[in-house]
Amino acid sequence: MKVSSVWKAIVGGISAGAAAAVTAVQDGRITVAEAVTIVVAVLGSAGVTWLVPNRPKPPQAV
């Protein structure tokens, strides 16, 4: 497990959750459905981001 992939998933999840939360509070309150949408956005984005591999490093010249 690489630390960089962990941070990539955390940042991806937070950004998706923040976008969903900003949309949800446009009317001044968060309903249960909106809260579920925020949680699903965070978990879905973090999971998908975790699955995508990082770009491999090019071979070093000797």
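Please read these numbers as outputs of a predicted model, since none were measured by experiment. Heads up: numbering here begins at 1 and tracks the sequence.
Looking only at side-chain heavy atoms (C-beta outward), Val25 and Ile30 come within less than 4.5 Å of each other.
Judged purely by atom type and a 3.5 angstrom limit, Ser45 has no side-chain atom pairing as donor or acceptor with the backbone of Ala16. With Gln26 contributing its side chain and Thr23 its backbone, the two residues share no donor-acceptor pair below 3.5 Å.
Taking Ile, Leu, Val, Met, Phe, Trp and Tyr as members and joining any whose side-chain heavy atoms lie under 4.5 Å apart, directly or through other members, Val22 forms no hydrophobic cluster with any other residue.
Closest approach of Gly17 and Val42 over heavy atoms only: CA-CG2, 3.4 Å. Arg29 approaches Glu34 most closely through the heavy-atom pair O-OE1, 3.2 Å. Between Ile38 and Ala24 the shortest heavy-atom distance is CD1-CB, 4.1 Å.
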